[in-house]
Structure formats: structure tokens, C-alpha cells
Protein chains: 4
Amino acid sequence: MLVKKAYIIGVIGGRKADIKELVIAEKVGRLLAENSVMLICGGLGGVMEASARGAKTAGGVTVGILPQEEKEYANDFIDIPIATGLGIGRNIIIARTADALIAVGGEYGTLSEIAFGLQMNKPVIGIGSWRIDGVIDADNPDSAVKKALSALSAD
Amino acid sequence: MLVKKAYIIGVIGGRKADIKELVIAEKVGRLLAENSVMLICGGLGGVMEASARGAKTAGGVTVGILPQEEKEYANDFIDIPIATGLGIGRNIIIARTADALIAVGGEYGTLSEIAFGLQMNKPVIGIGSWRIDGVIDADNPDSAVKKALSALSAD
Amino acid sequence: MLVKKAYIIGVIGGRKADIKELVIAEKVGRLLAENSVMLICGGLGGVMEASARGAKTAGGVTVGILPQEEKEYANDFIDIPIATGLGIGRNIIIARTADALIAVGGEYGTLSEIAFGLQMNKPVIGIGSWRIDGVIDADNPDSAVKKALSALSAD
Amino acid sequence: MLVKKAYIIGVIGGRKADIKELVIAEKVGRLLAENSVMLICGGLGGVMEASARGAKTAGGVTVGILPQEEKEYANDFIDIPIATGLGIGRNIIIARTADALIAVGGEYGTLSEIAFGLQMNKPVIGIGSWRIDGVIDADNPDSAVKKALSALSAD
């Protein structure tokens with residue numbers, strides 16, 4: 001029996017992000033929380049931490065899928081740290097668990113998550129991220145979250 | 001930087017459980033929630049569902065680490081469904097994320113989680129479960145939860 | 001202690017491939033075997049099968065990292081089938097085990113392997129594949145195998 | 001289409017093994033190779049290394065499923081090193097790929113592999129290993145290999 005649960009959206013992006021990306025990620029996190037969407041991310045620093053911090057400022061719930069074997073590596077804004085021990089292989093779990101992905105900048109790790117998301121036919125929104133066939137571009141956090149939610153409600 | 005987060009305890013046991021085991025699992029879940037401990041389990045039926053139901057009756061938070069690729073397989077009492085797509089390989093993630101494990105009955109799948117927990121030097125409490133060197137036996141839910149919490153606070 | 005072993009090169013590409021891609025993949029497999037390089041691939045059909053068939057015609061050794069839980073899904077040209085049960089998450093194991101990757105065409109699954117390979121700083125050669133920063137383009141199998149071997153011997 | 005391939009048998013046991021266990025493991029490896037069975041193991045030291053060495057003395061093929069992200073950690077007797085990066089989670093891949101398991105001694109890691117093997121309904125033979133319901137006891141390498149092969153041919 002498949003039961004519909006609340007939406008979970010993944011925010012993906014690099015550990016090394018510039019200040020502009022961090023501001024965007026934090027706003028995305030806040031908007032997701034304001035829309036009662038759970039946030040899932042890689043649980044570490046940079047875009048992951050900024051988005052989780054944003055979600056927490058709006059009272060959201062944050063899940064961190066960690067590469068490490070110990071959950072203590074999660075950033076301070078993660079409510080639910082999951083210690084996978086899979087290294088960057090944990091990216092597949094983020095893509096599988098999320099209903100949609102929002103990529104903020106990002107390098108090769110982010111590209112692997114985008115690829116997995118697209119392969120699973122999930123909406124993938126990009127803000128200043130990889131321009132890959134299938135990624136929906138957005139100019140700013142508001143537009144990205146709107147596009148993600150609209151893609152989901154259209155399912 | 002390793003930061004200490006709230007305790008997460010795993011309740012492990014079979015999908016096929018008898019009524020006695022289900023009652024025990026539900027009580028364990030309720031007691032964990034009453035002690036502000038987050039529950040992690042395999043997210044499916046039997047002991048997993050009973051423990052999650054128990055936790056929810058006491059307002060707890062429940063995490064389900066699913067073998068499937070889709071999170072919709074989670075039982076109705078899971079707040080945070082994680083779709084791993086690893087099959088029974090997801091057992092390692094339960095063991096890694098939990099601070100301690102409480103086994104209720106269980107067959108070979110449960111045995112693999114007990115083995116992983118012991119290998120990671122985590123407290124593993126058993127109620128009518130596998131009798132393996134290193135498993136701490138408990139007669140009932142109260143005793144099991146007490147033993148788990150006491151082992152953790154001793155760390 | 002890290003000991004140097006024989007080279008293993010991954011051939012990646014889609015299950016659905018056109019005849020031109022299959023011819024290229026088979027040639028790549030044959031050339032790898034002629035250069036005493038072990039072939040690793042996803043173990044299924046399309047580019048994976050064509051490259052393994054090519055390697056076997058030249059007496060090479062072929063490893064298939066399967067998404068399924070049973071090794072019987074491997075194509076007929078796989079000597080060593082590895083049943084991971086990780087679904088497309090098995091792509092990370094191909095990238096980790098290979099010293100270099102040669103992509104022939106390919107869709108999103110191939111893109112995830114390219115991303116992982118680049119993230120691990122491994123040479124990734126593409127023949128009619130994704131044009132991603134970091135991928136070394138090659139026009140044909142000879143050129144691709146030469147570029148891969150030359151990148152490895154330069155390490 | 002499921003095609004039958006050559007048998008692959010896993011030899012499992014600890015990295016820390018006493019001399020008696022190492023002698024047994026080496027003999028098991030040699031006997032497997034003499035019976036044209038491929039050996040799969042965890043690829044590291046102790047029982048894993050001894051069994052691989054035994055297989056190589058008889059011209060067998062050896063596969064090592066490594067916990068690490070780099071295949072260079074494999075012992076010197078591994079022909080096919082697979083770098084999973086899954087840590088001890090790689091045990092599930094050994095159990096999935098093997099047609100049968102032979103456990104020589106072993107601690108909790110070995111117990112997890114035994115549990116997975118039994119859960120998958122595969123023959124699990126133990127020589128001085130965990131006494132778990134379902135494990136077939138054997139007194140020595142000859143008996144263990146005979147029992148494994150006989151269980152497989154009965155399928």
C-alpha cells in the first residue's frame with residue numbers, strides 16, 4: 001500500500017559556496033519551511049548548512065543524509081541526522097527520498113545528484129547551477145520554490 | 001567539529017511478529033518518546049510499525065529507513081521516511097544512526113542489525129531476541145529502555 | 001600499505017544505445033583487453049554488453065557491477081558479476097573501482113558516473129557523451145583508449 | 001533472462017585470526033580453486049588474505065569486496081579488487097554475490113554476513129564459527145567445501 005506523505009524537497013549544492021549562494025540557499029530553506037515542506041540535504045557545511053539554517057528560522061524540519069559513519073558530523077541546524085557511511089554514495093539517498101531537488105550552484109557532487117534526480121523523473125530546479133537538459137532554471141529562491149511546488153502538485 | 005545531538009534509538013525486529021512482540025514493541029516506542037528519544041526503525045510493518053505507533057501516541061518523532069527506492073512504502077506512523085534503495089543493506093544505516101538498539105524478537109534481518117550494532121560498540125538490548133555475546137537481555141519494555149538509556153549516559 | 005594493481009577501466013553508457021554506439025563500445029572493450037586492462041561496467045545490456053563482448057573477443061577480463069540483488073542478471077560476457085542490490089547507486093562503485101572511465105553516449109545514469117569520476121579526480125574520456133567541464137573528448141575508440149592510458153601513466 | 005554462471009563462494013572471517021584459522025582458511029581457498037569455484041571475500045587481511053592466498057596457489061580467481069573507497073587496500077592475492085566505499089556495509093554485497101558462504105571463526109562482522117546469507121536462503125557453512133540456527137557446521141576445510149558444493153548442486 002502506497003500512502004502519500006508530506007513533501008520533502010532536497011536542497012543540493014557545494015560545501016564550498018560563495019556568499020551569494022549561501023544567501024540564496026538560506027532563503028530557499030526558509031521558503032520551504034514556510035510552505036510546510038520538509039528539507040533534506042547532505043547535512044554538512046556550505047549550501048547544506050545555509051539551507052538548513054534557513055529552514056530552522058521558519059520552524060521547519062531538516063534531515064541531513066551524511067556521508068560519514070557518525071551522525072555527529074551533521075551541522076547545527078539538522079534535526080534528523082542520518083549516518084549512512086556511504087561517502088558521496090549517499091547522494092543517491094537524497095535523490096530517492098526527495099520529491100524534488102533544488103540545486104544552488106554546486107560542483108561535481110551536485111551534478112551527480114542532479115543526474116540521479118533526472119533519472120528518477122523528479123523535478124530538478126537549478127539556481128546558478130549546472131545547465132543540463134531537464135533542469136528547470138530559476139533566477140531566485142522564490143521562483144525556484146514556486147517551480148518545485150508547482151511541478152509536484154502537477155503530478 | 002563533533003556536536004552532541006539528541007539520542008536516537010533503533011527498534012529492530014521482524015515484519016512478521018506475534019501479538020506479544022507487537023505489544024512489547026509498541027510499549028518500547030511509547031517509552032522512548034516519553035524519554036524524548038527519537039525512534040529509528042526499518043519503516044515497514046510488524047515490530048517496526050508497532051514501535052512507531054507507540055512513539056506517535058506519546059508525541060515522539062519517528063524515522064523509517066526503508067529498503068525500497070520510494071518513501072511511500074513507509075508505515076503510517078513514520079514522520080521521516082528515508083528511501084535508501086539498498087534493500088536489507090539499509091540495516092547498516094539504522095545501526096550507524098542509532099545510539100543504541102533495542103531488538104524485539106526478530107529473525108535473520110534483526111540478527112544482522114544486532115551484529116552491526118555490536119561491531120560498532122553500541123549498546124544492544126534484546127527482548128526475547130537473539131542471544132548473542134554482547135547483547136544485554138531485558139525482560140520487558142521498561143527494563144529495556146532503562147538499560148539502553150543507562151548505557152548511553154554512561155558513555 | 002597501498003599496493004599498485006593492474007589497471008581497471010570502466011566503460012559506461014546506456015542500456016539503450018544505437019548501433020553506432022554499440023560498435024564503438026565493442027571496439028573500446030577489445031582495445032582495453034589488448035592493452036591488458038581489466039574492464040568494469042554495469043553488467044547489463046547496451047553499451048555495457050557490447051564493451052564486455054569486445055573485451056572477451058580479445059581474451060580480456062570483465063567485471064559487471066549489477067544494480068540487482070542477484071548476479072544472474074549479468075550479460076553473457078561478464079566473467080565476474082557482482083550483485084550489489086544498490087540499484088543505480090551501484091554507479092558509485094564503478095567509479096570508485098575504475099582507474100579511469102570511458103563514456104560512450106549515455107543518458108542520466110552515465111552522467112552520474114561521469115560526475116562521480118570527476119569528483120574523484122579520475123580521467124573521464126567521452127565519445128559522443130555528455131560535454132561537461134573536465135571530460136576529455138575523444139573522436140573514436142582508439143583515441144579514447146590512448147587518452148585514458150596516457151592519463152593514467154602520467155599519474 | 002537469468003543465466004547460470006560459475007559458482008562463487010564467499011570465505012568470511014576476521015581480520016584478526018589465530019594461526020589455526022589462517023591454516024584452515026588457506027586450505028578452504030585452495031580447495032575452492034581446485035573445484036573451479038571463484039572465491040569472494042572482504043579483500044583485506046587475516047582469514048580474507050589466507051583464503052585468497054590458498055586460492056591463488058591452486059590457480060583460482062579471487063574477488064575482494066573492499067570497505068574502502070580505493071582498491072589499493074586489497075591484499076596481494078586479490079585478482080579483482082572492488083572498492084565499494086561502503087565500510088562494513090560491503091558485507092551485504094559479499095552475501096549477495098556468493099552462492100554460498102564458508103565462515104572460518106569470525107566476530108561480529110562475520111556474524112552480519114552469516115545473518116545476511118541465511119536471510120537470503122544461501123548455504124552457510126561454519127568452521128569454528130558462530131553457532132546460529134541455519135548454519136551448517138563442518139569440522140575441517142574438506143568437509144566444509146564438500147557441504148557447500150553439495151548444497152549448491154542440490155538446488
Side-chain angles (χ1 to χ4, degrees), chain B residues 10 12-17 40 42 44-48 65-69 82 84-98 100-101 103-126 128-136, chain D residues 10 12-17 40 42 44-48 65-69 82 84-98 100-101 103-126 128-136:
Chain B
I12 59 180
R15 218 189 293 206
K16 289 175 192 157
I40 192 167
L44 301 176
V47 161
M48 300 172 262
I65 306 293
L66 298 158
Q68 290 96 349
E69 301 189 357
I82 307 293
T84 69
L86 305 181
I88 54 174
R90 64 78 149 89
N91 292 0
I92 185 93
I93 296 182
I94 297 173
R96 280 180 176 144
T97 300
L101 297 172
V104 180
E107 308 205 23
Y108 294 131
T110 304
L111 180 58
S112 73
E113 288 167 306
I114 289 173
F116 281 134
L118 293 173
Q119 192 174 6
M120 297 172 198
N121 280 314
K122 299 193 176 181
V124 180
I125 321 295
S129 186
W130 292 91
R131 293 184 168 271
I132 299 290
D133 268 355
V135 173
I136 302 163
Chain D
I12 59 180
R15 218 188 292 204
K16 289 175 193 160
I40 192 167
L44 301 176
V47 162
M48 299 173 262
I65 306 294
L66 297 158
Q68 290 96 347
E69 301 189 356
I82 306 294
T84 68
L86 306 181
I88 55 175
R90 64 77 149 88
N91 292 0
I92 185 92
I93 296 183
I94 297 173
R96 280 180 175 144
T97 299
L101 296 173
V104 180
E107 307 204 24
Y108 294 130
T110 304
L111 180 59
S112 73
E113 288 167 307
I114 290 173
F116 281 135
L118 293 173
Q119 192 174 6
M120 298 172 197
N121 280 312
K122 299 193 174 179
V124 179
I125 320 295
S129 186
W130 292 91
R131 293 185 166 270
I132 299 290
D133 267 357
V135 172
I136 302 163

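Below, chains carry the letters A, B, ... as their sequence lines are ordered, and counting in each starts from 1.
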* Asked: Among L118(B), I93(B), T110(B), which residue forms the greatest number of heavy-atom pairs with chain D at distances under 4.5 Å?
  -> L118(B)

* Which heavy atom in S112(D) sits nearest to a heavy atom in A115(B), and how many Å separate them? -> N-CB, 3.5 Å

* Identify the two heavy atoms, one from I88(D) and one from M120(B), that lie closest to each other, and give their separation to 0.1 Å. => CD1-CE, 4.0 Å

* How long is the span from the OH atom in Y108(D) to the CG atom in N121(B), to the nearest 0.5 Å? -> 8.5 Å

* Heavy-atom neighbours of Q68(B) CD exceed 12 at 6.0 Å -> yes

* To do: Give a yes or no on whether E69(D) atom CD has more than 12 heavy-atom contacts from other residues, nucleotides or ligands under 6.0 Å away.
  => yes

* chain B contact via L86(D) - which portion, at a heavy-atom distance below 4.5 Å -> backbone

* To do: Check each atom of L111(B) against the heavy atoms of chain D and say whether the ones under 4.5 Å are side chain, backbone, both or neither.
  => both

* Asked: Can you tell which of I114(D), N91(D), I132(D) has the highest number of heavy-atom pairs within less than 4.5 Å of chain B?
  -> I132(D)

